[in-house]
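Below is one structure, written out as structure tokens; the observations come after it.
Every chain is numbered from 1 and lettered A, B, ... according to where its sequence line falls, protein lines coming before strand lines. Please read all numbers here as calculations on a predicted model, not as lab measurements. Because only heavy atoms are used, hydrogens play no part in the values below, and waters and symmetry mates are left out as well, while side chains stay in.
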Amino acid sequence: MTAESPLERERRDKVARWRAEGKEPYPWSFPHRVGTDVVRDACARLRPGEDDMAHPLRVAGRLRAIRVHGRTAFADLDDLAGSLQLFFRVDELGEEAFQAWIRDLDPGDIVGAQGAPAVSRRGEPSLLVTELTLLAKAIAPPPEKFHGLQDVEERIRRRYVDLLASPESRDRFRLRSALVAEAREFLHAEGFLEVETPVLLPIAGGAAAQPFVTRSNYLDEELQLRIALELPLKRLLVGGLERVFEIGKCFRNEDLDSTHSPEFTMLEAYWAYADYTDMRRLIEGLYARLGRRAREVAPENAKIAAAAEAFGRPFATVDFLDELERRSGITGLGTKGRDELRELARAAGSTVPADSSVGVFLDKLFEHYVEPHLTEPTFVLDHPTATTPLAKHHRAKPGRVERFEFFYRSYELGNAYSELNDPDEQERRFREQLSGRAAEQYAFDQDFVEALRYGLPPCTGVGIGVDRMVMALTGTPSIKEVILFPQARSA
RNA sequence: GGGCCCGUAGCUCAGUCCGGUCAGAGCAGGCGGCUCUUAACCGCAAGAUCGGGGGUUCGAAUCCCUCCGGGCCCGCCA
């Protein structure tokens with residue numbers, strides 16, 4: 001650990017003094033407390049300068065600032081409900097107790113206070129303190145009271161300091177919780193069964209990404225951490241569960257940037273006897289509801305209001321190829337060969353390997369020409385077959401699959417298909433995929449094909465990045481700001 | 001993988017271009033004052049191997065090399 005600073009030594013001395021006086025600096029509980037909002041409400045009935053000694057209340061929380069005026073003092077106390085000014089006077093506490101308290105309290109200390117709701121002469125709702133209890137002495141000083149913790153690395157490595165110093169950060173993670181709960185309730189109400197499937201798998205499938213690899217001592221086998229939820233969930237539809245979803249961590253052994261984290265939360269839902277058009281309606285309904293919920297939780301926040309507004313309308317809809325041709329000015333993309341597409345992708349700045357598939361080049365062109373324009377909620381429909389091995393071919397458009405991705409602020413929020421359920425075609429597509437350069441890395445999931453042989457009902461499925469969902473609804477530009485403890489190199 | 005940028009007191013920041021009272025301020029903490037403040041205020045004193053290591057120089061926070069940590073952009077990631 002870090003060496004003890006002089007500041008910390010002062011604070012430890014205060015703890016020692018506390019104990020010497022027979023008081024416990026780390027007691028066990030503080031019963032019968034109310035939130036600071038309750039005291040504020042009680043103060044609403046009082047005029048400036050008044051107090052209500054007949055109805056004492058107890059609050060507990062962290063001291064943020066202490067302002068001493070000789071024989072009067074004020075302190076700001078934060079709890080999850082907000083903050084409240086504590087008001088100390090010699091008149092209530094007596095000279096000796098007052099001085100002892102003021103001497104030994106520091107910003108960052110966690111205290112419980114009992115007293116009367118009161119409004120200061122300047123009109124600030126307060127608690128006129130008659131009894132104070134130290135609940136936990138803070139040895140480490142909190143960040144600077146006005147600027148808080150600015151260093152991004154420190155905010156990530158010591159999120160607890162960020163949270164204790166920043167109401168905005170606390171609010172963001174509370175909203176995340178509310179949104180995930182809302183998504184869960186939405187799917188439950190739509191008849192989806194929440195399930196949990198394995199994180200550790202012999203072969204991580206369902207997406208193209210490098211897996212993290214670990215090992216079971218008992219099995220004496222290599223295991224991979226899942227990169228998607230898709231394949232186990234579809235097996236459950238084979239088993240007759242009809243509507244299932246899972247919310248859980250997935251792991252991709254790739255770089256970290258403002259919209260990617262190696263460890264991230266995925267929501268996937270699979271729905272039997274429905275197709276991707278049904279899924280579009282479900283997604284619009286989900287996001288509209290999430291927008292309403294975000295607004296309820298944070299009615300004052302302009303970014304959230306803007307996002308809720310955007311998701312309250314039907315999403316825009318564009319065709320993958322039409323939009324790509326329109327934005328790029330290139331025509332006949334659907335019929336061009338691999339060599340031609342490779343040159344177009346290179347001209348657009350992509351450096352993907354020359355032997356990549358047609359689908360890869362089309363994806364690169366789409367990323368370059370179209371994605372920057374997808375700032376409003378937008379469904380992108382009907383991708384070329386070559387881009388997508390797990391989706392069913394389009395019922396009307398040759399060379400396409402029934403797939404949509406949805407975008408907002410130029411990043412992908414999710415991806416859905418009418419799911420491929422023909423076992424022979426699935427095996428063929430897996431083998432085509434394996435014939436590529438990455439064959440060694442992506443051994444295919446033979447048991448999944450075996451499951452399809454028993455009959456997967458026609459179905460649609462969606463994968464939603466939960467972290468990005470929270471970014472979208474809160475207007476947060478970086479994924480690190482919506483993950484409590486993002487990955488960081490060992491210090 | 002490529003490029004750009006950052007690291008100075010517990011926290012927030014000046015100082016780096018042009019080497020020489022450049023170790024500075026504010027907050028927090030200590031001491032003293034103040035019975036209505038809310039980034040409280042006033043006075044005094046204290047607090048820093050300037051991310052680590054190496055080099056150039058009479059002299060390095062400042063210039064060079066290297067390492068560590070971080071950020072942003074680009075690339076890669078069915």
Side-chain angles (χ1 to χ4, degrees), chain A residues 2-11 13-14 48-49 64-76 83-93 95 98 103 106-108 118-126 128 138-157 161 165 205-211 227-228 252-260 262 349-353 356-364 367-368 383-391 401 403 415 429-430 432-434 436-438 441-442 477-478 480 488-491:
Chain A
T2 49
E4 186 179 59
S5 72
L7 291 171
E8 294 185 0
R9 205 169 311 121
E10 287 287 347
R11 287 172 176 235
D13 289 347
K14 292 175 182 177
R64 183 155 35 83
I66 301 171
R67 299 178 289 280
V68 181
H69 294 251
R71 286 172 179 74
T72 299
F74 301 92
D76 297 324
S83 71
L84 179 72
Q85 175 168 274
L86 302 183
F87 184 14
F88 303 91
R89 269 195 320 216
V90 166
D91 308 4
E92 278 74 34
L93 296 165
E95 183 75 29
F98 178 88
R103 187 186 57 192
D106 289 299
V119 175
S120 75
R121 282 179 212 155
R122 295 284 182 90
E124 181 71 25
S126 306
L128 183 55
I139 299 302
E144 205 254 3
K145 63 185 172 188
F146 188 63
H147 298 92
L149 194 60
Q150 295 295 320
D151 185 82
V152 175
E153 181 183 359
E154 282 297 293
R155 289 187 30 232
I156 286 170
R157 286 187 194 277
V161 180
Q210 292 281 340
I227 56 176
R252 296 185 180 179
N253 208 339
E254 315 265 359
D255 288 358
L256 189 155
D257 65 27
S258 62
T259 55
H260 295 82
S350 171
T351 60
V352 285
S356 301
S357 72
V358 167
V360 169
F361 293 129
L362 286 170
D363 274 337
K364 289 294 147 194
E367 281 172 27
H368 181 259
H383 298 56
T385 305
T387 61
T388 317
L390 289 157
V401 290
R403 172 183 179 186
N415 184 26
R429 293 222 213 153
F430 274 152
E432 277 168 24
Q433 191 186 342
L434 283 175
R437 306 158 55 248
Q441 292 165 11
Y442 303 117
S478 168
K480 289 176 192 169
R489 208 175 293 271
S490 311

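Closest to the side chain of A:S120, out of B:rU38, B:rC13, B:rC77, is B:rU38. The side chain of A:Q150 lies closest to B:rC13, out of B:rC13, B:rG29, B:rC77. Here the nucleotide nearest the side chain of A:P107, chosen from B:rG29, B:rU38, B:rC11, is B:rG29. When distances run from any side-chain atom of A:L149 to the nucleotides B:rU35, B:rU12, B:rG71, the shortest one goes to B:rU12. Closest approach to the A:V352 side chain among B:rC76, B:rA28, B:rG69 is made by B:rC76 (side chain taken as heavy atoms from C-beta onward). Closest approach to the A:E144 side chain among B:rC36, B:rC77, B:rU12 is made by B:rU12 (side chain taken as heavy atoms from C-beta onward).
Between B:rC63 and B:rC6, the distance separating the two P atoms is 10 Å to the nearest Å. Comparing the C1' positions of B:rA60 and B:rG53 gives an interatomic distance of 15 Å, to the nearest angstrom. Comparing the P positions of B:rC27 and B:rC41 gives a spacing of 7 Å, expressed to the nearest Å. Taking atom C1' in both B:rU8 and B:rC4, the straight-line distance is 22 Å, to the nearest Å. When the P atom is compared between B:rG71 and B:rG29, the two are found 31 Å apart, to the nearest whole Å. Between B:rU21 and B:rC64, the distance separating the two C1' atoms is 26 Å to the nearest Å.
Using a 4.5 Å cut-off on side-chain heavy atoms (C-beta onward), A:K480 and A:L256 make contact. Side-chain contact between A:E154 and A:V161 is absent, with no heavy-atom pair separated by less than 4.5 Å. Contact check for A:L390 versus A:R429: no side-chain heavy atoms found under the 4.5 Å cut-off.
A straight line from NZ of A:K364 to P of B:rG75 spans 8 Å, rounded to a whole angstrom. Nucleotide B:rG69 holds its C1' atom 7 Å from the CZ atom of A:R157, rounded to whole Å. Between A:F146 atom CZ and B:rG26 atom P there is a gap of 17 Å when expressed in whole angstrom units. The separation between A:D255 atom CG and B:rC76 atom C1' is 7 Å, rounded to whole Å. One can place CD1 of A:I139 at 15 Å from C1' of B:rA28, the figure rounded to the nearest angstrom. Residue A:D257 contributes atom CG, which lies 8 Å from atom P of B:rC73 at whole-angstrom precision. Distance, A:E154 CD to B:rG7 C1': 11 Å, rounded to whole Å. We find that NE2 of A:H147 is positioned 12 Å from C1' of B:rA25, with the value rounded to whole Å.
Between A:R71 and A:D91 there is no salt bridge, since no side-chain N of the basic residue sits under 4.0 Å from a carboxylate O of the acidic one.
Between A:T72 and the phosphate of B:rC34, there is no side-chain N or O to OP1/OP2 separation shorter than 4.0 Å. Phosphate proximity of B:rC76 to A:T351: present, with a side-chain N or O under 4.0 Å from OP1 or OP2. For B:rG29, the OP1/OP2 oxygens have no side-chain nitrogen or oxygen of A:K14 closer than 4.0 Å.
Taking the nucleotide of RNA chain B with the nearest heavy atom to each of A:R11 and A:D363, the more 5' of the two is matched to A:R11. Annotation: of the two residues near RNA chain B, A:P142 and A:I156, the 5′-most nearest-nucleotide partner is A:P142.
Nearest heavy atom pair, residue A:I227 against residue A:P211, reads CG2-CA, 4.0 Å.
Using cut-offs of 30° and 60° on the angle between ring planes, the pair A:F74 and A:H69 is perpendicular.
No donor-acceptor contact under 3.5 Å links the side chain of A:D151 to the base of B:rU12.
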